[in-house]
Amino acid sequence: MKIVSTGNSEGLSSKISSILGIPLARVNHRRFADTELYVRIEEQLNEAIVVGSTYPDSGIIDILLTADAAQNAGAKKKVLLVPYFGYARQDAMFQQYEAVSARVLSELFLERFDKIFVVNMHSPEGMAFLGNKGKEIRAESVIGERVKEDGNDVVISPDDGFREEGENISKVAGLESIYLNKKRVSDTKVEITIPEGFSVKGKVVALTDDMISTGGTILESSKVLKQNGAKAINVYCVHGLFVSGTSRYAGFVDSISTTDTVDGPFSKMTVSDIVASSLREYFGH
Ligand code: R5P
């Protein structure tokens, strides 16, 4: 069995490989002059664990080509680990005749893989598209440990969507948790209010979310929490995309910690141990 990394997941693949003692396959990834991707696995395979996120978009084609290369290299069994499953927020038709991207990607992967692991899919609806082949790996325990180490007073989630996860994080950290009221005005703008009767005055807040994309949610939440007297804001999320860069957070938050599902400057936590134990359980060793 070999671990086959796509181009965007080499760091995490190496960590999982050393924890499990499963070697990395030699893969030749390169771009043609017109930027099209070329993938060749440079050895024969029996079973393959392909690791690849769907962000940025090129990750999707990388996973599809890597699946084909693994098949052509002889892999009888192909397992996919998607550390960050992008396109998952469109998990339904919110307006008539929209494409449901979470389903489209799921179908592409279901055709090619025997099992699909995903770290913190955006919603249960998205996960449902993967049916019995899908298995979600939850990173709340990893975040909870870090929240505890950092000496926070309370766990706050920016909206109802991350409420349950926020509660699970708070249990690991031994803290109370609440969630804010969020209204999305546009792709980049949200309105946030603190629930009545809850005071953040003088508190060190662990602000937790599944992902930071533009950062609008985190920045607006931090602004409102600081205006209401929070002493410090430490931000924690599973997937840090930071599509609008990282400089905009300075002065608004005191620290940012993300996992390594998307490798970036704030990837201070690793999901490699929880991923390794899920893979171990699946393969029965
Ligand atoms: C929303 O449902 C998610 O949980 C995140 O809060 C959101 O996707 C973050 O996006 P942004 O960083 O662009 O506000």
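First listed ligand is number 1; within each ligand, the first listed atom is number 1. Throughout, numbering of the chain's residues begins at 1 and tracks the sequence. For clarity, every value in this text was computed on a predicted model and none was experimentally measured.
- The closest protein non-hydrogen atom to atom 5 (C) of ligand 1 is Asp209 OD2, 3.3 Å.
- Under the 3.5 Å distance criterion, with hydrogens and angles disregarded, no donor-acceptor pair is assigned to the side chains of His239 and Asn120.
- Under a 4.0 Å heavy-atom criterion, Glu220 is not in contact with ligand 1.
- Numbered from 1 in the order shown, with element, the atoms of ligand 1 that lie under 4.0 Å from a heavy atom of Ile212 read 12 (O).
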Requested in this report: Carefully, step by step, assess Ser278 and Lys135 under the rule side chain to side chain donor-acceptor pair (under 3.5 Å).
Outcome: CA-CA 9 Å; Ser278 289; Lys135 169 100 176 108; 5.5 Å; no
Requested in this report: Output, in order, the C-alpha distance, side-chain angles, deciding distance and verdict of side chain to side chain donor-acceptor pair (under 3.5 Å) for Asn8 and Tyr55.
Outcome: CA-CA 8 Å; Asn8 64 27; Tyr55 177 84; over 6 Å; no
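- Scanning all protein heavy atoms for the shortest distance to atom 1 (C) of ligand 1 gives Lys182 NZ, 3.6 Å.
- Ser14 is linked by a side chain to side chain contact (heavy atoms under 4.5 Å, CB included) to Leu24, counting only residues two or more places apart in sequence or in another chain.
- Checked for salt-bridge contact, Glu165 and Arg138 meet the test: a charged N lies under 4.0 Å from a carboxylate O.
- Of the protein's non-hydrogen atoms, the one nearest atom 14 (O) of ligand 1 is Thr217 OG1, 2.5 Å.
- Taking the centre of each ring, Phe266 and Tyr249 stay at or above the 6.0 Å mark.
- Inclusion of Asp187 in the set of residues having an N or O under 3.5 Å from an N or O of ligand 1 is not warranted.
- Remark: minimum distance from atom 13 (O) of ligand 1 to any protein heavy atom is reached at Thr214 OG1, 2.5 Å.
- Closest to atom 3 (C) of ligand 1, if we only count protein heavy atoms, is Asp210 OD1, 3.3 Å.
- Using a 4.0 Å cut-off between heavy atoms, Lys189 makes no contact with ligand 1 at all.
- Atoms of ligand 1 found under 4.0 Å from any heavy atom of His122 (numbered from 1 in listed order, with element): 1 (C), 2 (O), 3 (C), 4 (O).
- The protein heavy atom nearest to atom 9 (C) of ligand 1 is Met211 O, 3.5 Å.
- Considering Ser213, Gly240, Ser123, Gly216 only, the shortest heavy-atom separation from atom 10 (O) of ligand 1 involves Ser213.
- Under the side-chain hydrogen bond (donor to acceptor under 3.5 Å, both in side chains) criterion, the residue pairs touching residues 18-40 are His29-Asp62, with sequence neighbours excluded.
- For ligand 1, the polar-atom distance check against Gly215 finds a nitrogen or oxygen pair separated by under 3.5 Å.
- Regarding atom 8 (O) of ligand 1, its nearest protein heavy-atom neighbour is Arg89 NH1, 2.8 Å.
- Taking 4.0 Å as the cut-off between side-chain N and carboxylate O, Arg184 and Asp159 do not count as a salt-bridged pair.
- Side-chain contact of Asn234 with Asn152: a donor-acceptor pair under 3.5 Å is present, judged by distance alone.
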